[in-house]
Amino acid sequence: MTVLGLIGSSCGGLDIRFRTELAAPAAARGWRLAITLTPTAWHWLDAAGELGGLAALTDLPVRSASRLPAEPRPHPDPPVFLFAPASANSVAKLALGIADNQALTVLGDALGDPAVTIVVGYQVQDSRFRHPAWRRHLDTLAEAGVRVRRLEYGKPWSDVLDVLPASTE
Ligand SMILES: Cc1cc2nc3c(=O)[nH]c(=O)nc-3n(C[C@H](O)[C@H](O)[C@H](O)COP(=O)(O)O)c2cc1C
């Protein structure tokens, strides 16, 4: 099975939709999930009682914290990443190369590697496009080969799974 690095950040609906509209459908399509959450996303999913359901979808640990130096790396290097839902905050940090949590560390390490496919599905309010740096962040990621899509309000997040390459590739 091909490993999919599934990265989640703290966007509205995460506590209900991350498992049902992203993780479970991705697993059903044959991906082996390596799930990494931002600290806030972990907190939200923990509070919602969702972490156990996520863990049941994969043989790899669901993680948020970094490992200790003496510990082995808990996830293999995925050839494909799906960062969804991606918050404005985390998109900006990824574009700038900021890696102040485990989710952004794994994405930042993979960004620009031509052997790795990264899909970013971001969810932001329309007002985010008034921020002077926002479009530049999206352009930076696209220029690095990232497949950047907006998660539209009212549409299932699982639509973004169609942007991934086939899991057997
Ligand atoms: C209920 C709630 C819903 C939110 N929804 C979004 C969202 O859809 N998109 C977004 O960019 N930020 C949203 N935020 C703000 C982020 O959670 C906040 O910017 C956070 O610092 C992002 O951290 P992270 O990117 O490390 O997960 C929301 C916050 C709350 C409390």
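Indexing begins at 1, ligand by ligand and atom by atom, following the structure's order.
Closest of all the heavy-atom pairs between Val160 and Arg149 is CG2-CB, 4.4 Å. Counting all heavy atoms, side chain and backbone alike, Pro78 lies closest to Leu4 at CB-C, 4.3 Å.
Distance from atom 19 (O) of ligand 1 to its nearest protein heavy atom, with residue and atom name: Asn89 CB, 4.0 Å. For atom 15 (C) of ligand 1, the closest non-hydrogen atom of the protein is Ser10 O, 4.1 Å. Distance from atom 29 (C) of ligand 1 to its nearest protein heavy atom, with residue and atom name: Trp44 CH2, 3.7 Å.
When the heavy atoms of Lys93, Gln125, Arg128, Gln123 are ranked by distance to atom 10 (C) of ligand 1, first place goes to Gln123.
Considering backbone and side-chain atoms alike, Thr38 places an N or O below 3.5 Å from some N or O of ligand 1. At under 3.5 Å, not a single nitrogen or oxygen of Asn101, backbone or side chain, sits near a nitrogen or oxygen of ligand 1. Considering both main-chain and side-chain atoms, Ala41 never comes within under 3.5 Å of ligand 1 through any nitrogen or oxygen pair. At least one N or O atom of Ala88, backbone or side chain, sits closer than 3.5 Å to an N or O atom of ligand 1.
Residue-ligand proximity, Ser90 to ligand 1, at heavy-atom distances under 4.0 Å covers atoms 24 (P), 25 (O), 26 (O). Every atom of ligand 1 with a heavy atom of Ser9 under 4.0 Å away is listed here by number and element: 25 (O), 27 (O). Each of the following atoms of ligand 1 lies closer than 4.0 Å to a heavy atom of Cys11: 5 (N), 6 (C), 7 (C), 8 (O), 9 (N). Counting atoms of ligand 1 from 1 in the listed order, those under 4.0 Å from a heavy atom of Gly12 are 3 (C), 4 (C), 5 (N), 6 (C), 7 (C), 8 (O).
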Requested in this report: Go through the steps to decide whether Leu82 and Arg147 satisfy the test side chain to side chain contact (heavy atoms under 4.5 Å, CB included), and finish with yes or no.
Outcome: CA-CA 9 Å; Leu82 173 59; Arg147 303 177 188 183; over 6 Å; no
Requested in this report: Please assess Tyr153 against Gln123 for the test side chain to side chain contact (heavy atoms under 4.5 Å, CB included), listing each intermediate value before the final yes or no.
Outcome: CA-CA 8 Å; Tyr153 285 106; Gln123 176 175 281; 3.8 Å; yes
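Annotation: Arg67, atom CZ; neighbour count of heavy atoms from other residues, nucleotides and ligands within 6.0 Å is above 12. Annotation for Glu71: atom CD counts as buried by contact number, over 12 foreign heavy atoms lying within 6.0 Å.
Both Val148 and Trp134 belong to a single network of hydrophobic side chains, linked directly or stepwise wherever heavy atoms of I, L, V, M, F, W or Y lie under 4.5 Å apart.
Using cut-offs of 30° and 60° for the angle between ring planes, the Tyr122 and Phe129 rings count as tilted.
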